[in-house]
Amino acid sequence: MRHGARSQRVAVVIPAKDEADRIAATVRAARAIPHVDLVLVVDDGSEDDTQHVARRAGAVVVRHSVNRGKASAMETGASVAAMRDVEGAPRRLLLFLDADLGETAVATAPLVPPVLEGLADCTIAVLPPQPGAGGRGIVTGLARRAIARATGWSPTQPLSGQRCLTREAFDTATPLSRGWGVETGMTIDLLVAGFTVQEVPCDLRHRASANDLAGQIHRGKQYRDVALAVSARKVRGVRVPPTRRGDNSVRQRPGRPYRAWSEASVTSETSEASGPRTDDGGAEA
């Protein structure tokens, strides 16, 4: 168990854009998660009543006057949470949730114990099949293959945004990749940096993208952003060499922690994989 784990608290960070119809239920459910003492909504340039609804539901609200994207909202939320940490106490864990989870947000509670107990540095929710989802797995497949090539890990749901992680892990992953590439970039960066990642099944429901024109446009943007995040890391050579990988991919399954580096390689190799970064996680010109 991590030092001070029994007294360690959790800050929930919820990036939100035009979610006035669901944000209240999400906030109330998040407040019921054990160890959570702060729910922070980052209103990312909403044009509806998101900020006021979230505040009435009990959240601390920070607002971007214009839409700056999910990665920026995550970074803002983490910074505000850090300012509210108590001096001398363990820094809060960060639990990132999508704003449209509604009352099912409480089902992300299983993400916290593995990080709290030191079994993983980052946990990722694996969701059940979502009613009405129209995707064919093209973007998910791109992200999964990219993570596997770079680290040896083949995650079940590489695009899942429901994640709990330590402050150290989050700081290492910043600056985050922009757009919809944030989760793929974060996973690669954490594993290459020597952190342990674990998928955890969670019974969640959110608004799925349908197979209409809007859904296809959305998935097109996702594909573009994931490809950009992956390409930036290829240019920089961010990867764990196959000969240095310390876990057996054949044994991988949700619920099992994954550490990409062999114990003997963590110290010597991870420092070589890091380098100058720009604010989109890409190579420095």
Applying the side chain to side chain contact (heavy atoms under 4.5 Å, CB included) criterion to I14, which one of D100, V39, L95 satisfies it?
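The residue from D100, V39, L95 that satisfies side chain to side chain contact (heavy atoms under 4.5 Å, CB included) with I14 turns out to be V39.
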Against P15, only a single residue in H64, M74, E75 fulfils side chain to side chain contact (heavy atoms under 4.5 Å, CB included); can you say which?
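The side chain to side chain contact (heavy atoms under 4.5 Å, CB included) with P15 is passed solely by M74 among H64, M74, E75.
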Going by side chain to side chain donor-acceptor pair (under 3.5 Å), Q162 matches just one of T108, T123, D98. Which one?
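The passing option is D98.
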Looking at K17, H52, R55, R63, which one forms a side chain to side chain donor-acceptor pair (under 3.5 Å) with D43?
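Testing each of K17, H52, R55, R63 against D43, the sole residue satisfying side chain to side chain donor-acceptor pair (under 3.5 Å) is R63.
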Mind checking whether [X] and [Y] have side chains closer than 4.5 Å, heavy atoms only?
X	Y	value
I23	V41	yes
I124	T187	yes
P90	R9	no
P155	I147	yes
D189	F195	no
D44	R68	yes
D203	T104	no
Q157	L127	yes

To the nearest 0.5 angstrom, please state how far the [atom1] atom of [X] sits from the [atom2] atom of [Y].
X	Y	atom1	atom2	result
Q198	W153	CD	CH2	9.0 Å
T156	R144	OG1	CZ	7.0 Å
F170	L190	CZ	CG	10.0 Å
D49	Q51	CG	CD	7.5 Å
R91	Q8	CZ	CD	9.5 Å
E199	R163	CD	CZ	8.5 Å

Take L176 and M186 through the test side chain to side chain contact (heavy atoms under 4.5 Å, CB included) and record every step on the way to the result.
CA-CA 7 Å; L176 302 174; M186 174 187 285; 3.9 Å; yes
Hey, any chance [X] and [Y] share a hydrophobic cluster, counting ILVMFWY side chains that come within less than 4.5 Å of each other, even indirectly?
X	Y	result
V139	L228	no
V226	I138	yes
V62	V66	no

Let me see the working for K70 and E183 under side chain to side chain contact (heavy atoms under 4.5 Å, CB included), right down to the final yes or no.
CA-CA 10 Å; K70 183 177 182 179; E183 289 86 9; 2.6 Å; yes
Classify the side-chain pair R233/T184 by whether it contains a donor and acceptor separated by less than 3.5 Å.
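The answer is no; no qualifying pair exists.
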So, [X] side chain and [Y] main chain: donor-acceptor pair closer than 3.5 Å or not?
X	Y	answer
T50	E19	yes
R92	D37	no
D48	A20	yes
R31	V36	no
S177	V182	no

Before you tell me yes or no, could you show the steps for D18 and E47 under side chain to side chain contact (heavy atoms under 4.5 Å, CB included), namely the whole-Å CA-CA distance, both residues' side-chain angles and the distance that decides it to 0.1 Å?
CA-CA 6 Å; D18 296 332; E47 298 179 359; 3.9 Å; yes
Does R84, at its CZ atom, have more than 12 non-hydrogen atoms belonging to other residues, nucleotides or ligands within less than 6.0 Å?
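Count not over threshold, so no.
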Tell me whether the count of non-hydrogen atoms from other residues, nucleotides or ligands lying under 6.0 Å of CZ in R167 goes above 12.
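Yes - once you tally the heavy atoms of other residues, nucleotides and ligands closer than 6.0 Å, there are more than 12.
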Atom of [X], atom of [Y] and distance for their closest heavy-atom approach:
X	Y	answer
T26	A99	OG1-O, 2.7 Å
G181	A229	O-CB, 3.8 Å
C164	L111	CB-O, 3.7 Å
W261	R239	CZ2-O, 4.2 Å
A57	V27	O-CG1, 3.7 Å
A150	V238	CB-O, 4.0 Å

Carefully, step by step, assess T166 and L93 under the rule side chain to side chain contact (heavy atoms under 4.5 Å, CB included).
CA-CA 5 Å; T166 64; L93 302 182; 4.1 Å; yes
